[in-house]
There are 2 protein chains.
Amino acid sequence: MGDTSRFAAAAEDDTRAAIMRATYDALTSHGYANLTIQRIGDEFEKSKSLLYHHYDGKDDLLVDFLRFMLEHWEAKAECREEQDPQARLKTLLDRVAAVELDEETAAFTAAMEELRGQAPHDAAYRERFTEHDHALREQFAEIIADGIEEGAFHEVDPTRAAEFLLTTVNGVRIQRVTRDDDGGVGAARAELQTYLDARLYRGEA
Amino acid sequence: MGDTSRFAAAAEDDTRAAIMRATYDALTSHGYANLTIQRIGDEFEKSKSLLYHHYDGKDDLLVDFLRFMLEHWEAKAECREEQDPQARLKTLLDRVAAVELDEETAAFTAAMEELRGQAPHDAAYRERFTEHDHALREQFAEIIADGIEEGAFHEVDPTRAAEFLLTTVNGVRIQRVTRDDDGGVGAARAELQTYLDARLYRGEA
DNA sequence: CATCGTTGAATGAATGTTCAATCAGCCAGC
DNA sequence: GCTGGCTGATTGAACATTCATTCAACGATG
């Protein structure tokens, strides 16, 4: 019985993962506005009817998909390395707002921003992205607080500085996927570095 | 004939404006993903069939709507006042990323960001928002260049600093309409002010 | 009468969803 | 060990509804 239920659970997880993958593919191919059950079914290896065996309907599926995407993103951003605060900040910034993006990451970012684009008129989405932003802000704030405690950073308000960093990151992300150029990531990041050097990082002396 | 065509043109403009208004109302009510000809027609005083007398179809209408929205936005952001660069920069920032928003402006911003959310998978939208961002960046860059010329600002790279400001503005805007809190506008703006004071504005001495 | 803005009804395609019918694997009883 | 039912995964066909779009007809206005 133990094995059976384990296998069953694993199979169900596989199916769910396949549905999430199909939804992701359909989203990146057709965009959120043209995301239909039909198109998700087309990307899905099994039949589209099966989607209704695993989910109550389109809304239910998309809610789960949003969670799936946010979990992926947060797993990606997580960093628990033991470095000095300055290096940790650089690592985190590179993960959430890298200057150069491979095609896969670019597509993922685009999908994420399309989802975020639904938040203005969908309270459930808005709630999720609020949490999501808060989590990232707290990561920034922790690093900054550590830096101050260690004496490596100037004594800024960690939350305020973190919110500013988050805003810049979100600006970089939206610009990158909604512009034909690179979204000015290089310039923005360089100027952000100047800000960090002047405002946050304490000199050697 | 002169009067006739003028009136006719004016009437046509009125109708077009009414269609744009109806589209705007439908968008803010239902979101871009659920924006249909039917719903635009519902908000429209005339019948939905009339939409096809003025536009080739839904796509054509939406393309015009995007232009309509961007024109509104750019008219709003325009500022040709004769002030010193520092005051002009503050004015511009207040217009494009105000800390406090009345309901109407908030709804407009939300609609704009929903449109921007289509850009990742729609090349026409992407092109428009690229131009749009460049225009705003140039406004920032001009002010900064003027400030440097007048000796009021430090000698930074105007384009680079402008791109950074633009990124922050876009970050503020997306956060504000996709979060349940105020998007951290206050904190971000305060920290941006600190950056400007330290990096851009020259002291009295 | 001719023109043009305007409309309601109608079209076929696409939408989300349901459902009866298979299929495969597992457990109970013989 | 075999059989027969039970459960859950899976499917194709069907459903009503909504979609974007078309069009013939109407009415006002010149």
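In what follows, every chain begins at residue 1, and chains take the letters A, B, ... in the order their sequences are listed. Keep in mind the model is a prediction, meaning the values are calculated, not measured.
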### Query
Which comes earlier along DNA chain D counting from the 5' end, the contact point of A/L50 or that of B/G57, where each point is its nearest nucleotide?
A/L50
### Task
Output the single nucleotide from D/dT10, C/dT6, C/dG8 whose closest atom is nearest the side chain of B/K46.
C/dT6
#### Entry: Crowding at CD, B/E127 (>12 non-hydrogen neighbours, <6.0 Å)
no
### Task
Fit a plane to each ring of B/H72 and B/F68, take the angle between them on a 0 to 90° scale, and name the class: parallel (under 30°), tilted (30 to 60°) or perpendicular (over 60°).
tilted
### Task
Identify which nucleotide among D/dT10, C/dT6, D/dT22 has an atom closest to any side-chain atom of B/T15, counting heavy atoms from C-beta outward.
C/dT6
### Message
From C-beta outward on A/S47, which listed nucleotide comes closest to its side chain: C/dG8, D/dA9, D/dG12?
### Response
D/dG12
### Message
Would you say A/H53 places a side-chain N or O within less than 4.0 Å of OP1 or OP2 belonging to D/dT10?
### Response
no
### A/D182 CG: over 12 foreign heavy atoms closer than 6.0 Å
yes
### Query
Centroid-to-centroid, A/F164 to A/Y195, below 6.0 Å?
yes
### Summary
Under a 4.0 Å heavy-atom cutoff, the residues of residues 28-42 of chain A touching DNA chain D are none
### Message
Rounded to whole Å, please give me the gap between CG in B/L61 and P in D/dC19.
### Response
15 Å
### Message
With heavy-atom distances below 4.5 Å as the criterion, would you say the side chains of B/Q86 and B/F153 are in contact?
### Response
yes
### Summary
Quick note, B/K48 side chain, CB onward, closest among D/dT21, C/dT6, D/dG12 is D/dT21
### Task
Quickly work out the B/E45 CD to C/dG5 P distance and round it to whole Å.
15 Å
### Summary
Between NE2 of A/H54 and C1' of D/dA9 the distance, given in whole Å, is 7 Å
### Message
Here's one to test your reading of the geometry: is the NZ or CZ of A/K58 within 45 degrees of the ring axis of A/Y52 and under 6.0 Å from its centre?
### Response
no
#### Entry: A/M69 side chain near A/Y24 side chain, heavy-atom distance below 4.5 Å
yes
### Query
Whole Å only: how far is the OH atom of A/Y52 from the P atom of C/dT15?
11 Å
### Query
Which whole-number value in Å describes the distance from B/L51 CG to C/dG5 C1'?
13 Å
